[in-house]
Amino acid sequence: MSPEGAVPPARPDRNLALEMVRVTEYAALAAARRVGQGDKIAADQAAVDAMRLMLDTVHMDGTVVIGEGEKDEAPMLYNGERIGDGSSPEVDIAVDPLEGTDLAATGAPRALAVIALSARGTMFDPGPCVYMEKIATSPEFADLLDLDRPLAETLGLIAERKGTGVEDVTVVMLDRPRHAEAVAAVREAGGRIRFIPHGDVSAGLIAATAGSPVDLLWGIGGTPEGVITAAAIKCLGGQLLGRMWPRDEGERRAALDAGYDLEEIVDVDRLVSGDDVFFAATGVTDGDLLDGVHYTATGATTESLVTRTRSGTMRKIQATHDRAKLREITGSRAG
């Protein structure tokens, strides 16, 4: 019980949903001017600068839990940074201003600007563990996930639920040498694989969307991306399971010394707890999930999505941005 006369902390409300979309729109518009130019660092920096500019105007007292690394390692939106105007509510923030920097640099599909938000103290901090093994799917198959079960068996259960053969089950995964054993297992079982070079947040969202051509996300990918994806999937009603995957003995020891249980399997409620969770994304390049930024003679168009746990809905927002507004974000490059 709160002390007599104390004002309880404000809870994130639905007005933050549109604010989050504005944040990702700014980041996407800034990054899009660098698409295809071969400089992923410049594209990422443009997205970070635009995202920070917009975040500073949002009515919230935010702390970055998932960001670009420690302050002394990255002049970006770093872990522990305070953002917002300092007013209530108090929230945790996870950001990836440009998810798929290589995708943007080469003009490839599925680059996104993404952000997730939850009440203070509810977002999982992965500490020293950069990677996690993860599996994700839509509400239809959420109860079938198990990281300890052979992947081929899970594909069989999904096929049975679908009323099809395993050959009609599609797994999306990063194209990495570390996945060779899983690739062989899926193919031996008769399943399909959709490889992606980068961008497992967008892949996770596709797998978690009912009616998608992708049934399952599996793979060893970034832990920060796992937390961000979990926020979105929690809003959509699907499931993501993850387990820390230390890259070497030093990282394993650091995690154990910090108190992490490396055998623990975490789900969306562990990765992002509480009932006030928001996720927003704006396309930078065209993809399965969202159209990218398209420039016109008078400005630009964007496509975004926003989800919130309390409403349980996923809204797509198409917006037009005039030339004057673009100049505020990208300077003379918008002219």
task = Check the pair R243, D148 against side chain to side chain contact (heavy atoms under 4.5 Å, CB included), reporting the backbone distance first and the verdict last.
result = CA-CA 10 Å; R243 179 164 47 202; D148 290 324; 2.8 Å; yes
Kindly say whether [Y] contributes a backbone atom to a donor-acceptor pair with the side chain of [X] at under 3.5 angstrom?
X	Y	result
Y260	G127	yes
R34	D39	no
R82	V64	no
T285	R110	yes
D61	S88	no
H198	T101	no
D92	M123	yes
D286	P109	no
T309	V277	yes
E81	Y78	yes

Give the cluster check for [X] versus [Y]: same hydrophobic cluster or not, with ILVMFWY residues linked at side-chain heavy-atom distances below 4.5 Å.
X	Y	value
W245	V266	no
L147	L151	yes
L157	V171	yes
V186	V183	yes
F124	V95	no

ask   = Can you list the steps and then say if Q239 with D267 is a side chain to side chain contact (heavy atoms under 4.5 Å, CB included)?
value = CA-CA 7 Å; Q239 183 60 278; D267 63 8; 3.5 Å; yes
Residue of the set V306, L305, V272 for which side chain to side chain contact (heavy atoms under 4.5 Å, CB included) holds with F279 = L305
inquiry  = As a test of understanding, state which of I83, V114, L55 forms a side chain to side chain contact (heavy atoms under 4.5 Å, CB included) with V23.
reply    =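 Considering I83, V114, L55, a side chain to side chain contact (heavy atoms under 4.5 Å, CB included) with V23 is found only for L55.
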Less than 4.5 Å apart, any side-chain heavy atom of [X] and any of [Y]?
X	Y	result
P97	L77	yes
L16	P89	yes
T282	L290	no
R120	V91	no
R192	D215	no
I66	T223	no
M20	V58	yes
L271	T229	no

Rounded to the nearest 0.5 Å, how far apart are [atom1] of [X] and [atom2] of [Y]?
X	Y	atom1	atom2	result
E99	I228	CD	CD1	7.5 Å
R22	I115	CZ	CD1	13.5 Å
L117	M60	CG	CE	6.0 Å
M173	I193	CE	CD1	4.5 Å
L256	L262	CG	CG	4.5 Å
R247	R178	CZ	CZ	10.0 Å

Can you see which heavy atom on [X] is nearest to which on [Y], and at what distance?
X	Y	result
A203	L217	CB-CD1, 4.2 Å
A31	L98	CB-CD1, 4.1 Å
G62	I93	CA-CG1, 4.4 Å
N79	G67	OD1-N, 2.7 Å
A136	I233	CB-CD1, 3.8 Å
M132	G222	CG-O, 4.3 Å

task = Starting from the C-alpha separation in whole Å, work towards a yes-or-no answer on side chain to side chain contact (heavy atoms under 4.5 Å, CB included) for L205 and L236.
result = CA-CA 9 Å; L205 286 171; L236 297 173; 4.2 Å; yes
ask   = Is it true that K40 and D44 have a side-chain N and a carboxylate O under 4.0 angstrom from each other?
value =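 Result for this pair is no, no salt bridge flagged.
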query = With a 4.0 Å cut-off, would you call R161 and D143 a salt bridge?
reply =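 A salt bridge links R161 with D143.
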Set of salt bridge (Lys or Arg N to Asp or Glu O under 4.0 Å) partners for D288, sequence neighbours left out = R194
Flag if over 12 foreign heavy atoms under 6.0 Å of CD, E167 = yes
inquiry  = Just checking E249: does its CD atom have more than 12 heavy atoms from other residues, nucleotides or ligands closer to it than 6.0 angstrom?
reply    =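 More than 12 within 6.0 Å, yes.
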request  = Apply the test side chain to side chain contact (heavy atoms under 4.5 Å, CB included) to residues E133 and W218: give CA-CA distance (whole Å), side-chain angles for both, the deciding distance (0.1 Å), then the verdict.
outcome  = CA-CA 8 Å; E133 180 186 4; W218 183 91; 3.7 Å; yes
request  = Go through R270 and E264 one step at a time and tell me if the salt bridge (charged side-chain N to carboxylate O under 4.0 Å, His left out) criterion holds.
outcome  = CA-CA 10 Å; R270 176 77 167 92; E264 180 187 9; 2.9 Å; yes
ask   = Sequence neighbours excluded, which residues qualify as side-chain contact (heavy atoms from CB on, under 4.5 Å) partners of T57?
value = M54
inquiry  = If the condition is side-chain contact (heavy atoms from CB on, under 4.5 Å), which residues does A319 pass it with, not counting sequence neighbours?
reply    =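 Expected list: E25, T302, H321.
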